[in-house]
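Scroll down for the structure; my scribbles are underneath it.
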Amino acid sequence: MAVTESAFDPTQIPEKPTLDGIEAEWAQRWQDEGVYAFNRSATRDQVYSIDTPPPTVSGSLHMGHVFSYTHTDTIARYQRMTGKSVFYPMGWDDNGLPTERRVQNFFGVRCDPNVAYQPGFTPPFRGDPPKDHQPIAISRPNFIELCEELTHEDEKIFEDLFRRLGLSVDWDYLYTTIEDRSRRVSQRAFLRNLARGEAYTQEAPTLWDVDFKTAVAQAELEDRERPGAYHNVAFARSDGQGDVVIDTTRPVLLAACVALVAHPDDDRYKPLFGKTVRTPLYGVEVPVLAHPLAQIDKGTGIAMICTFGDLTDVIWWRELNLPTRAIIGRDGRIIATPPNGLESPSGIAAYEQIAGLFINQAQTKVVEMLRESGAMIGEPRAIMHPVKFFEKGDRPLEIVTSRQWYIRNGGRDTDLRGALLNRGENLVWHPDHMRHRYSNWVEGLNGDWLISRQRYFGVPVPVWYPVNADGDTVHDSPIVPTEDRLPIDPSTDVPSGYTADQRNQPNGFIGDPDVMDTWATSSLSPQIAGKWEDDADLFGRIFPMDLRPQAHDIIRTWLFSTVVRANFEHDSLPWKNAALSGWILDPDRKKMSKSKGNVVTPIDLFEKFGSDAVRYWAASARPGIDTAFSEDQMKVGKKLATKLLNATKFVLTFPQPDVEAKPTHPVDLAMLARVAETVREATIAFDQYDYARALERTEAMFWWFCDDYVELVKGRVYNSQGADAAGSAISALRLALSALQRLLAPFMPFTTETVWRWWQSGSVHTATWPNTAELGPIGDSAILDPIGEILSQVRRAKTDAKTSQKTAVTEATVSASESVLAAFELGRGDLSDAGSVRSWVTVAGAGETTVSAVLAPPEPAS
RNA sequence: GGGCGCUUAGCUCAGUUGGUUAGAGCUCCUCGCUUACACCGAGGAGGUCGGGGGUUCGAGUCCCUCAGCGCCCA
């Protein structure tokens, strides 16, 4: 029995109880008492483990965090009260571009893996370097050290906010995504993928951001509508039989053209297949080919294939075995030297006109040259069309050929895709329809997961390559470290069997210069949080985890990539359940945005309404549903908290008459039946992850308890009907209150803890979740509605007479059915007290229940 | 173009295998300082459940269709 009443001292209850300032007090006591400490002696079946999303520390916490983390916390608290040892860690995401930029701007440094590590390095600035300051290049290990220094302050602020919100996190299991342990996990998992053939390196056309100068994965793309223009361009047939006119939005790529393509069934172009044409301006001879991806009804029905204008070009290039004529460099400029095949003097002269220009400048130049040459047919026709962007980028992506690392994800392998789809099927989704987002994404993959990034800050790809006697890098046989060396940085660490002076030398080695995509590390959050391999005992107790809570916009990235890694490494799902939270919307239903300037910070709301009230607002939202920000809901939450305070104070005014006292009165037993029903409903709802329903049922019960039941029996507890009748009511009140406080504990941890400790020992948050058995024998709740209806009608009579509710009724006549009258008799004494009714007359009949009341004259003012 | 979700009172939302006069809170109106609570209580007003069609004894709930809003993916 985890619920034990402490020796109750009524003087412990303040005369005017308040909720002001309770957050800081309880947060400290919970920490001191270890209320949320994970009990790692618990076996897997006794553990409930949560794969918490690590917030990005370079931003700030906003209402969206408060919203979704509250949802998870209610589940964690429920599970803890059912007796589970809850593994609820927190992580900070400090690996990635946003942190990299902040470190640069704060310290006036930049990360350069070619620089040697400098122990005890002091940055030139700590905040606000002057505008003309040139960033100092420092090694990656030094950069990571500065990152940890900078994020430390923010992490403290985040932690304080989450504590103030009342998250029942065990802070002893805190992790960050750039710390040694995370880098070790990330690199170890990668090396195992490599050893099993799940990771591979390949030189291939890759989507490339020219500003960030890095490759970008499919999951990070987005389409944006951009203005463009179709240009009709004439290609001269090599056989002199006239021109072929193509349609293109990117005449700038004419120099990269390797073929023309039309649909195999297109009668207009069938005679041309196998023949050649010459590119305008450059005079390069290219074949006319057939491929089913060419669209008959688009433009002139024949297109030029360039290396590379878009992803369709890549498919054509691959499937038609075409040569490569790259003209776009990684810096977004036209490459200085003409591509292979462009050899005629006039062609070279034309190319020199655009060499070195940015793409849009070159496009203008090419159009101008086409006009002059007469190859432009008519004027460009403006259109809007979707263009691929890096989701964080400002310029359209280009496609360049480069060597990259990939992890297989089913994008090129039907069997693996089927296995991953099957994983999604076996995951329990909350709400269920979110599973479609997953299957849509997996079914639409068109390539493996590109994990290498040409950035400097991040978790390095942990391999080196041999350099042969000619000084060439041998990419086919990477040198890998043993796992006990991890984490390593190939830019500073030396592979075993080599010496440092062999770096970048013939017959020596070279470090892989790239880092891994942040998702390649984040996808291992269960392994990082659970200390995979570093603490196998712990990991065995928490994995696979029970719950992944996250936002629905990162199903394709975080959720999917985590499934991929667990599938390879553990041949299992990483968790049993995934709970997808919705967005916070402005009251006008638009997605909340900082730019609108109306964003309130969480801390202001905590101070204005109290944390429990803010949590109440969050927990009122159905799982996965976008929800309007509403201070009104917080006011309601605050009202509920205040009510709980006062109702508890009232009930505890009446000490338990004696230990053996049990509810016996039919009205009391009926009330307990309703509480039992609420316990059942709330438990079922929580087991289905529907915290909002659990709250709604509990809240409705609690208000009925206060407004109706307490008012009904108030006279009896003041001894109007004798000691036994009072004892029944008092013990029933206390049984119900105990259950209600615990039912509300997941939602209002601060208020419930306050009132619980007035009369119980220990924390409400480690108390047993209420069950129906503890309520003892229960009665027939059906008698409550008729009794309530009669009381309501008595009250209405007083309201209609515009008189006080304490006005006495000299005689009340109840006309009702036999069954209603039977209920009335059971509640007669309480109704007399609650309605100040001096005498009753009953009339049995068939129709509706009606009560007519004769009111006593108002008391003369004294 | 494909997929998913949403549309119920002025506002925010419940409504769980179709079942009696569709519920709650907020807002609004009236009344009441009744010894747990004025950070309160009592009572009341307010909806042809987005439109149309169908199945059924019976539809907010199931089916079809149209419209609007939102998100995801091409």
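We name chains A, B, ... by the order of the sequence lines, and we start the count at 1 in each one. Just so we're clear, the structure is a prediction, and the values are computed from it rather than from any experiment. We use all heavy atoms of the structure for the numbers below, so side chains are in, but hydrogens, waters and symmetry mates are not.
- Note on V651(A): nothing from the nucleic acid sits closer than 4.0 angstrom, heavy atoms only.
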Item to complete: Could you please spell out the steps behind the ring-ring contact (aromatic ring centres under 6.0 Å, His included) verdict for F560(A) and W449(A)?
Response: CA-CA 11 Å; F560(A) 175 59; W449(A) 176 17; 7.8 Å; no

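- The gap from the C1' atom of rC6(B) to that of rU61(B) amounts to 16 Å, rounded to the nearest Å.
- The side chain of K649(A) approaches rA36(B) more closely than any other nucleotide in the set rA74(B), rA42(B), rA36(B).
- RNA chain B is contacted by both S792(A) and K638(A); K638(A) maps to the nucleotide lying nearer its 5′ end (nearest heavy atom per residue).
- Remark: the separation of the P atoms in rU65(B) and rC72(B) is 26 Å, to the nearest Å.
- Picking from rU34(B), rA36(B), rG25(B) the nucleotide with the shortest atom distance to the side chain of C706(A) gives rA36(B).
- Here rC73(B) presents its C1' atom at 14 Å from NE2 of H436(A), a figure rounded to the nearest Å.
- The existence of a salt bridge linking D310(A) and R250(A) is excluded, since no basic side-chain nitrogen approaches an acidic carboxylate oxygen closer than 4.0 Å.
- The residue among D632(A) and K388(A) whose nearest nucleotide of RNA chain B is located toward the 5' end is D632(A).
- Distances from the side chain of W441(A) to the nucleotides rA74(B), rA14(B), rC71(B) place rA74(B) closest.
- Between the side chain of K643(A) and the base of rC37(B), at least one donor-acceptor pair of N or O atoms lies under 3.5 Å.
- For the atom pair L640(A) CG and M634(A) CE, the distance stands at 14.5 Å (nearest 0.5 Å).
- Counting non-hydrogen atoms under 4.0 angstrom, E848(A) reaches nothing in the nucleic acid.
- Under 3.5 Å, the side chains of S630(A) and W617(A) contain no donor-acceptor pair of N or O atoms.
- For the pair Q688(A) CD and rU17(B) C1', the computed distance is 14 Å after rounding to whole Å.
- Look at rA24(B): its Watson-Crick or wobble partner, with both distances under 3.5 angstrom, is rU12(B).
- Separating the NZ atom of K639(A) from the C1' atom of rA38(B) is a distance of 12 Å, rounded to the nearest angstrom.
- In this structure, K649(A) fails the cation-pi test against W758(A), since its NZ or CZ atom is not both closer than 6.0 Å to the six-membered ring centre and inside 45 degrees of the ring normal.
- Taking atom P in both rC13(B) and rA74(B), one finds a spacing of 30 Å when rounded to whole Å.
- Base pairing analysis places rU34(B) opposite nothing; no Watson-Crick or G-U wobble pair with both distances below 3.5 Å involves it.
- Rounded to whole angstrom, the span from the CE atom of M434(A) across to the C1' atom of rC71(B) amounts to 9 Å.
- When each of rG5(B), rG15(B), rC73(B) is scored by its nearest atom to the side-chain atoms of R622(A), the top-ranked nucleotide is rG15(B).
- Using a 4.0 Å heavy-atom cutoff across all strands shown, K635(A) reaches no nucleic acid atom at all.
- A cation-pi arrangement is present between K714(A) and F650(A) under the rule of less than 6.0 angstrom and at most 45 degrees off the ring axis.
- W758(A) places its CH2 atom 15 Å from the P atom of rA36(B), with the value rounded to the nearest Å.
- Comparing rA74(B), rC31(B), rC72(B) against the side chain of R437(A) picks out rC72(B) as the nearest.
- When distances run from any side-chain atom of N646(A) to the nucleotides rU30(B), rA14(B), rC37(B), the shortest one goes to rC37(B).
- The same atom, C1', is picked in rG47(B) and in rG25(B); the two are 16 Å apart, to the nearest Å.
- Taking only side-chain nitrogens and oxygens, Q633(A) never comes nearer than 4.0 Å to OP1 or OP2 of rA24(B).
- Summarising the base pairing, rC4(B) is matched to rG70(B) through a Watson-Crick or G-U wobble pair whose two defining distances lie under 3.5 Å.
- Residue R796(A) has no polar side-chain atom (N or O) positioned under 4.0 Å from OP1 or OP2 of rA42(B).
- Across rA59(B) and rU17(B), the matching C1' atoms stand 15 Å from one another, rounded to whole Å.
- Contact of E443(A) with rA74(B) (side chain to base): no donor-acceptor pair of N or O atoms is detected under 3.5 Å.
- Atom CZ of R697(A) is separated from atom CZ of R680(A) by 12.5 Å, given to the nearest 0.5 angstrom.
- Look at the P atom in both rA9(B) and rA14(B): the space between them is 12 Å, to the nearest Å.
- Look at rG43(B): its Watson-Crick or wobble partner, with both distances under 3.5 angstrom, is rC29(B).
- With C1' as the reference atom, rG10(B) and rU21(B) are 24 Å apart, rounded to whole Å.
- Using the Watson-Crick or G-U wobble rule with both distances under 3.5 Å, rG18(B) pairs with nothing in any strand shown.
- When the P atom of rU30(B) is taken as reference, atom CG of D800(A) falls 15 Å away, rounded to whole Å.
- Distance CZ/F654(A) to CD1/I730(A): 6.5 Å, rounded to 0.5 Å.
- Residue-level contact check: E711(A) touches the bases, meaning some heavy atom is under 4.0 Å from a base atom.
- Summarising the base pairing, rG58(B) is matched to no nucleotide, lacking a Watson-Crick or G-U wobble pair whose two defining distances lie under 3.5 Å.
- Here S620(A) lies out of heavy-atom contact (under 4.0 Å) with every strand.
- If you measure from atom CD of Q805(A) to atom C1' of rG43(B), you get 8 Å, rounded to the nearest angstrom.
- Taking atom CG on L19(A) and atom P on rC39(B), their separation rounds to 13 Å, with Å as the unit.
- On the P atoms, rA38(B) is 32 Å away from rU12(B), given to the nearest whole Å.
- Of the listed nucleotides (rG3(B), rU12(B), rG43(B)), rU12(B) has the atom at the smallest distance from the side chain of A628(A).
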